[in-house]
Enquirer: 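Have a look at this one before I ask anything.
We count ligands from 1, going down the list as the structure has it; atoms in each ligand are counted the same way. FYI, the numbering just counts along the sequence from 1. Because the structure is a prediction, the values reported are computed rather than measured.
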Amino acid sequence: MKVCKFGGTSMANTETIIKVAEVCKSDKDRRYIIVSAPGKRDTGDIKVTDSLYACFKAAQERGECEEEMNVIRKRFADIEAGLDIDIDSSAQIEDIERNVLKNGTADYIASRGEYLSAQVLAAYLGYEFVDTKDLIKFNDNGELMLDYSADLLRKRLSKVKYAVLPGFYGSDADGNVKTFSRGGSDITGAIVANAMGAEIYENWTDVDGFLTADPRIVTKPEKISFMSYKELRELSYMGAEVLHPESVFPVRLAGIPINIRNTFNPEHPGTMIVPSNKLPKEHKIITGIAGKKGFTIINIEKDLMNTEIGFGRKVLSVLECEGIPWEHMPSGIDTLSVVLRDELILGKMQRIINNIRESTQADNVEIHSGLSLIAIVGHNMASRQGTAQNVFEALAYNHINVRMIDQGSSELNIIVGVDTFDYEKAINAIYHAFMD
Ligand code: ASP
């Protein structure tokens, strides 16, 4: 039995939904189908989820959202008109509008794109629509209750042979709709795969799988046929945008492979994501290179830091009080650096510096912004010489200054920090050092 998730571009309009249905029907094992809200039809288009957030904003600011809601009405009317199905979303959209104006939350309204698109596909396929609202549950801290949700899903779906489920949301203890972060339908698909013990989790998107580097930066990068869950986690966290970084956990726990497939090129085998001990023998040294802009590094210096017990804790307590997670923390004998995401420290930097100074009595605290991080990821670099040398030679040869280095003890990745103006050049340099 296969669980399949189709993303926003696959659900974008009538033609794409017909392709989705062909994929579903071409294999009788594709039984549980999870969908995103209709996404962009072309580059200038707006995703339904973004239009829904715009409705919420308008309702908050102006007390009405007629114009914004019309965009949603038109999207679904166009889709439904082309599919010849016995379903009309307009009454439901009226309800949604009323709820938004009453007291609907941002999560409630954002979730309605998936809610409607799952009903459309269910009607077109002749499958049952199963709402995920009361099947995917979050605790009071907003965390997913995986086992509990899997139990609920299993009970509900065990009697249903074929079903379409909306991705992206569930509900909290009080039954209020709660969404995952953006792109979260991937997580819903992974939870359903876990719950039903799927043989495979197929994630259908609009590309032939993962690439070894961002094609906007590197010309025609090679495709990745196989990667491990861990490599996936590293690459997607560091900006490879095919899959939500958190969607790996529910399937990894159950050892279910993920197969990234292309709705618009269904013959292509895509990328297969498997446990590391199931990787093919000829797996390359470097599986992929990914990166992100927008980091700041705080450098803290204090004489005899190495002898001071609890120094790191003091620094991290300051960040904890601000509710800021840290990305990397390279250290020297009398120095400690912390790398933070810019968007999380906006407006807080001066206070963070003052508090670090005060709690650690550091000799010097400096910040450097404009940092980009690049992750070079691959299982096969473990216990093999020369990978780091290749990376740094390539950077030096291209006159790129390395501002930070971090290598995890698992030797699964090497992370380098470079000035953002060197970012694209650095990715190209590293790519060509390994892939050519
Ligand atoms: N529709 C939501 C978004 O645009 C969730 C998803 O597509 O996975 O983020």
Side-chain angles (χ1 to χ4, degrees), residues 3-13 16-17 19-20 32-57 68-69 71-72 75-76 79 89 92-93 96 100 104-122 129-133 135-136 138 142 144 149 164-171 177-194 201-207 210 232 236-237 239-251 258 260-264 343:
V3 167
C4 305
K5 180 259 167 178
F6 290 87
T9 43
S10 302
M11 295 300 295
N13 61 32
T16 64
I17 293 176
K19 285 199 173 23
V20 167
Y32 302 117
I33 314 297
I34 290 85
V35 294
S36 283
K40 292 185 181 185
R41 289 160 292 190
D42 49 58
T43 37
D45 200 15
I46 300 174
K47 293 179 179 184
V48 161
T49 308
D50 288 312
S51 301
L52 288 163
Y53 280 121
C55 294
F56 179 77
K57 190 161 173 268
E68 288 76 5
M69 220 61 208
V71 177
I72 312 285
R75 278 301 291 266
F76 281 95
I79 288 175
S89 295
Q92 300 206 56
I93 296 178
I96 296 168
V100 173
T105 60
D107 278 17
Y108 161 77
I109 184 156
S111 71
R112 297 301 87 183
E114 272 71 11
Y115 178 71
L116 295 172
S117 77
Q119 292 181 52
V120 167
L121 184 65
F129 164 75
V130 175
D131 194 1
T132 37
K133 174 173 169 280
L135 300 175
I136 292 193
F138 294 88
L144 168 71
S149 306
V164 182
L165 299 93
F168 192 36
Y169 69 91
S171 61
V177 170
K178 175 160 173 49
T179 61
F180 292 106
S181 56
R182 296 299 304 266
S185 302
D186 288 338
I187 310 175
T188 311
I191 299 167
V192 176
N194 168 305
Y201 171 32
E202 292 182 342
N203 192 291
W204 291 81
T205 174
D206 56 359
V207 289
F210 273 87
L232 163 72
S236 54
Y237 181 74
E241 280 165 3
V242 184
L243 205 62
H244 192 294
E246 285 162 38
S247 55
V248 65
F249 298 111
V251 277
I258 310 173
I260 308 292
R261 299 287 291 269
N262 187 352
T263 306
F264 308 101
E343 80 227 35

Enquirer: Can you confirm if the aromatic rings of F129 and Y115 lie within a centre distance of less than 6.0 Å?
Expert: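 Y115 vs F129: aromatic centres under 6.0 Å.
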
Enquirer: For atom 6 (C) of ligand 1, which protein heavy atom lies nearest, and how many Å away is it?
Expert: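 In this structure, atom 6 (C) of ligand 1 has S185 OG, 3.3 Å as its nearest protein heavy atom.
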
Enquirer: Does any N/O atom on K47 come nearer than 3.5 Å to any N/O atom on ligand 1?
Expert: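 Looking only at distances, the answer is no, because the N/O contact criterion of under 3.5 Å is not met.
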
Enquirer: Between R182 and D50, is the closest basic N to carboxylate O distance under 4.0 Å?
Expert: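 Judged by the 4.0 Å cut-off on N to carboxylate O distance, D50 and R182 do form a salt bridge.
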
Enquirer: Does G184 come within less than 4.0 angstrom of ligand 1, counting non-hydrogen atoms of the residue?
Expert: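 In this structure, G184 qualifies as a contact of ligand 1 - some heavy atom is under 4.0 Å.
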
Enquirer: Which protein non-hydrogen atom lies closest to atom 5 (C) of ligand 1, naming both residue and atom, and how far is it?
Expert: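 Result for atom 5 (C) of ligand 1: E114 OE2, 3.3 Å.
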
Enquirer: Begin with the C-alpha distance, continue with both residues' side-chain angles, and end with the deciding distance and a verdict on side chain to side chain contact (heavy atoms under 4.5 Å, CB included) for V177 and R112.
Expert: CA-CA 10 Å; V177 170; R112 297 301 87 183; 4.1 Å; yes

Enquirer: Is the closest heavy atom of G113 to ligand 1 under 4.0 Å?
Expert: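 Under 4.0 Å: no for G113.
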
Enquirer: Under 4.0 Å from a heavy atom of G183: which atoms of ligand 1 are those, numbered in the order shown and with their elements?
Expert: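 Atoms satisfying the 4.0 Å criterion: 3 (C), 5 (C), 6 (C), 8 (O), 9 (O).
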
Enquirer: Say whether S247 and D186, considering side chains only, have a donor N or O and an acceptor N or O under 3.5 Å apart.
Expert: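 On atom types as modelled, these side chains do not qualify, holding no pair under 3.5 Å.
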
Enquirer: Pull out every atom of ligand 1 sitting under 4.0 Å from any heavy atom of R182, numbered as shown with elements.
Expert: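 Listed by number with element: 3 (C), 4 (O), 9 (O).
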
Enquirer: What I want to find out is whether R75 reaches D45 closely enough, with some N-O distance under 4.0 Å, to be called a salt bridge.
Expert: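 Counted as a salt bridge, because a side-chain N and a carboxylate O are separated by less than 4.0 Å.
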
Enquirer: What's the spacing between Y169 OH and F138 CZ if we round to 0.5 Å?
Expert: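 Rounded to the nearest 0.5 Å, the OH-CZ separation comes out at 11.5 Å.
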
Enquirer: For atom 7 (O) of ligand 1, grab the closest protein heavy atom and report residue, atom and distance to one decimal in Å.
Expert: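 The closest one turns out to be S36 OG, 2.9 Å.
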
